[in-house]
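In what follows, chains are A, B, ... by sequence order, proteins preceding strands, each numbered from 1.
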Amino acid sequence: MIETEQLTKKYGDLVAIQNLSFKVEEGRIWGLLGPNAAGKTTTMRILTGYLPATSGRASVAGFDVFEQAEAVKQSIGYLPETVPLYPEMTVESYLGFVAEIKKVPAARKKAAVDRAVQIAGLQSVRKRLIRNISRGYKQRTGIAQALIHNPRVVILDEPTIGLDPAQIKEIRDLIKSLKGEHTVMLSTHILAEVKEVCDGVVIINEGKLMASGSLEELARSFSQNDGVYLKLDRADGEVLNLFRQLPGLKEAALDGAEIRLEWPWGQDLRTQVLKLCLDRKLEIKEMRSLAMNIEELYLRIVSGGMEQ
Amino acid sequence: MSAVWSISKKELVSYFTSPIAYIVIAIFILLSGFFFYSLVWWFNTQAMQMAQNPYYFQQVNINQMVFAPLFHNLSIILLLMLPVVSMRLFSEEKKMGTEELLFTSPVSVIQIILGKYLAALVVLLAMLVLSAIPTIFTFIHGNPEPVPYLLGYLGLFLLGAAFLALGLFWSALTENQIVSAVLTFGTLLLFWVLSWAAYSARGLWQDVLNYLSFFEHFDGMTKGILDTSDLVYYLSFAFFGLFLTHSVIQFRRWR
């Protein structure tokens, strides 16, 4: 649904992004991740047709971003980093205006506004001036604007920035509800957001692609085995030997006070491990996944720990 | 076309929900009312004196004595006030970040420019129409010639349209509305000064400077002469302003 090939953008001598190639499948929510000034906004601006690329190709919904700009713009809903609002308009008239410039037919305009108001939960403020509504509602209005023409692709640049925790949760739930019907790409540097909302990520740093794929794929590419860390009331060779008898287990080792159990990807021995512990009256204090969490993954990738 | 109209409507909402349009229109009406009143008063006293002498009485002409100077005064007021009307058109979008919404919509840059320009022309039209209301009384109580009167207003409109096109251009160059207004104002003053320079110039230079000056082309219309070269001048000036605006916007994005 979104595809780029060797995408490069230079501002004079400054290289904003360099040879970026990635792919987002239809109906998925994809995160565009990277430290500040990594080129996230530039990438999104190229995809939406706001900026031309210096070289390379990009396509959205099957249309070439450079050659079929109008078709691309028609199939994208875009929330830029600064929410593009006209404070002197009401929420309703603003959405009506966006519907008009997004070429929603006049007969369907009212229905489109109603639908966007409903999806974004703006019923209580629809008649109010944008100037007077809260930050959370402004952000929602921005998202409603991006959805007004029911686009196939939705691109959101830092959709939860500057909101309070309750509002962040609401916006995330809203984004999650878009899955399936829309293909969503959102940029963020909040890792918890990626974990909660996204199916996969594209990680860039200093304009270069560091990694891309689903979260599971990325985790797999970093370690050969899946597994758990187990903390029991005792940890000694005897216990290790007990676990080693489990069929399918590749490794059992002591790691400080914890026992590290590994098995190949695709299997899951957690139930067997638990059962064993219960049978042998081993008291479990803690059990956590061996797979790197998103924070570790991100730090490893951004610091250049992976060749893709 | 409907996209152009959508943009215009939005611009008009912005003009008329902020105080700018009201203040500009109100002050324009006030000043034009003042000039009109004092010109009519002066015309009255002059006409009384001239009535003593049958020869001079032939010379009494309300078009030449009231409307021609009124139109000249109004043209200068437009020069002072229209930069305020055009200053926000692109500057504000840039500052608010709404430019990104416009340029990522399936609307062409030409449609955006035309939409904004059209809205500014509506404000100009409102200024002229509302300020013309008191002058209608001269037709009720006297008999001015309608053609020079109407051509004078047409001239003011064309002049204003040229000013606004220039203002639109500067507005596309900066995100600061004040800078945009000052640059527009400065350029307009420069063109005004050209007509003074034309007095002291000789030969070809005089012709060139005269041709470039806004007010030379306006003069004929206040006398009731419609010369196509004047029309061409204003329309090409406006077209050139819009064309430059388009170039600037494209250049900034493709750079």
Side-chain angles (χ1 to χ4, degrees), chain A residues 9-12 41 44-54 60 63 65-66 68-90 93-106 109 129-131 141-142 145-146 148-149 151 155 157, chain B residues 1-23 85 87-116 118-119 123 172 175 177 246-255:
Chain A
K9 173 74 187 177
K10 292 179 186 154
Y11 298 104
T41 298
M44 294 188 146
R45 284 181 165 174
I46 292 173
L47 290 176
T48 52
Y50 180 64
L51 283 179
T54 311
V60 174
F63 301 110
V65 168
F66 313 113
Q68 295 156 296
E70 195 161 324
V72 167
K73 288 173 178 179
Q74 187 70 61
S75 22
I76 288 188
Y78 174 43
L79 173 69
E81 203 172 6
T82 30
V83 186
L85 300 174
Y86 296 105
E88 68 276 7
M89 293 175 113
T90 64
S93 62
Y94 169 72
L95 292 176
F97 166 65
V98 180
E100 284 175 20
I101 61 170
K102 299 275 182 183
K103 309 257 166 90
V104 174
K109 187 178 128 187
L129 287 180
I130 291 175
R131 181 199 315 263
T141 310
Q145 163 273 125
I148 190 97
H149 56 307
I155 293 186
D157 199 350
Chain B
M1 194 59 214
S2 72
V4 172
W5 178 232
S6 301
I7 306 266
S8 293
K9 257 191 323 191
K10 185 223 98 190
E11 291 300 328
L12 287 171
V13 167
S14 297
Y15 272 126
F16 287 96
T17 47
S18 74
I20 285 192
Y22 296 105
I23 290 176
V85 174
M87 69 179 185
R88 51 169 291 284
L89 287 169
F90 276 106
S91 303
E92 198 175 26
E93 304 268 6
K94 209 166 299 182
K95 190 151 215 161
M96 302 291 291
T98 45
E99 186 188 58
E100 221 164 326
L101 168 68
L102 290 185
F103 292 144
T104 55
S105 300
V107 181
S108 70
V109 174
I110 294 177
Q111 287 172 319
I112 296 171
I113 292 174
L114 287 181
K116 285 176 173 288
L118 195 66
V123 175
E175 60 167 45
Q177 298 193 25
H246 186 255
S247 310
V248 161
I249 291 171
Q250 295 296 36
F251 175 76
R252 285 170 54 97
R253 291 173 67 208
W254 285 87
R255 182 171 50 162

Tightest non-hydrogen contact, residues G97(B) and P84(A), listed as O-CB, 3.8 Å

Between atom NZ of K102(A) and atom OG of S6(B), what is the distance when rounded to the nearest 0.5 Å?
-> 13.0 Å

Counting heavy-atom pairs under 4.5 angstrom with chain B, the leader among A146(A), P80(A), G77(A), A69(A) is P80(A)

K10(B) (side chain) donor-acceptor with F97(A) (main chain) under 3.5 angstrom = no

Flag, side chain of K73(A) to backbone of F103(B), donor-acceptor distance under 3.5 Å | yes

Would you mind reporting whether E100(B) and R45(A) have side-chain heavy atoms less than 4.5 Å apart?
-> yes

Determine the minimum heavy-atom distance between I101(A) and P106(B), stating which atoms define it.
-> O-CD, 3.5 Å

Candidate pair I76(A) and T104(B), rule side-chain contact (heavy atoms from CB on, under 4.5 Å), full reasoning | CA-CA 9 Å; I76(A) 288 188; T104(B) 55; over 6 Å; no

Under a 4.5 Å heavy-atom cut-off, does chain B meet the side chain of Y78(A), its backbone, both or neither?
-> side chain

Does any donor atom in the side chain of T17(B) or E88(A) lie under 3.5 Å from an acceptor atom in the other side chain?
-> no

Checking E92(B) against chain A: side chain, backbone, both or neither under 4.5 Å from a heavy atom?
-> neither

Under 4.5 Å from a heavy atom of chain A, the part of I7(B) involved = both

Region of L85(A) that comes under 4.5 Å of a non-hydrogen atom in chain B = backbone

Side chain, backbone, both or neither of V72(A) within contact of chain B (heavy atoms, under 4.5 Å) | neither

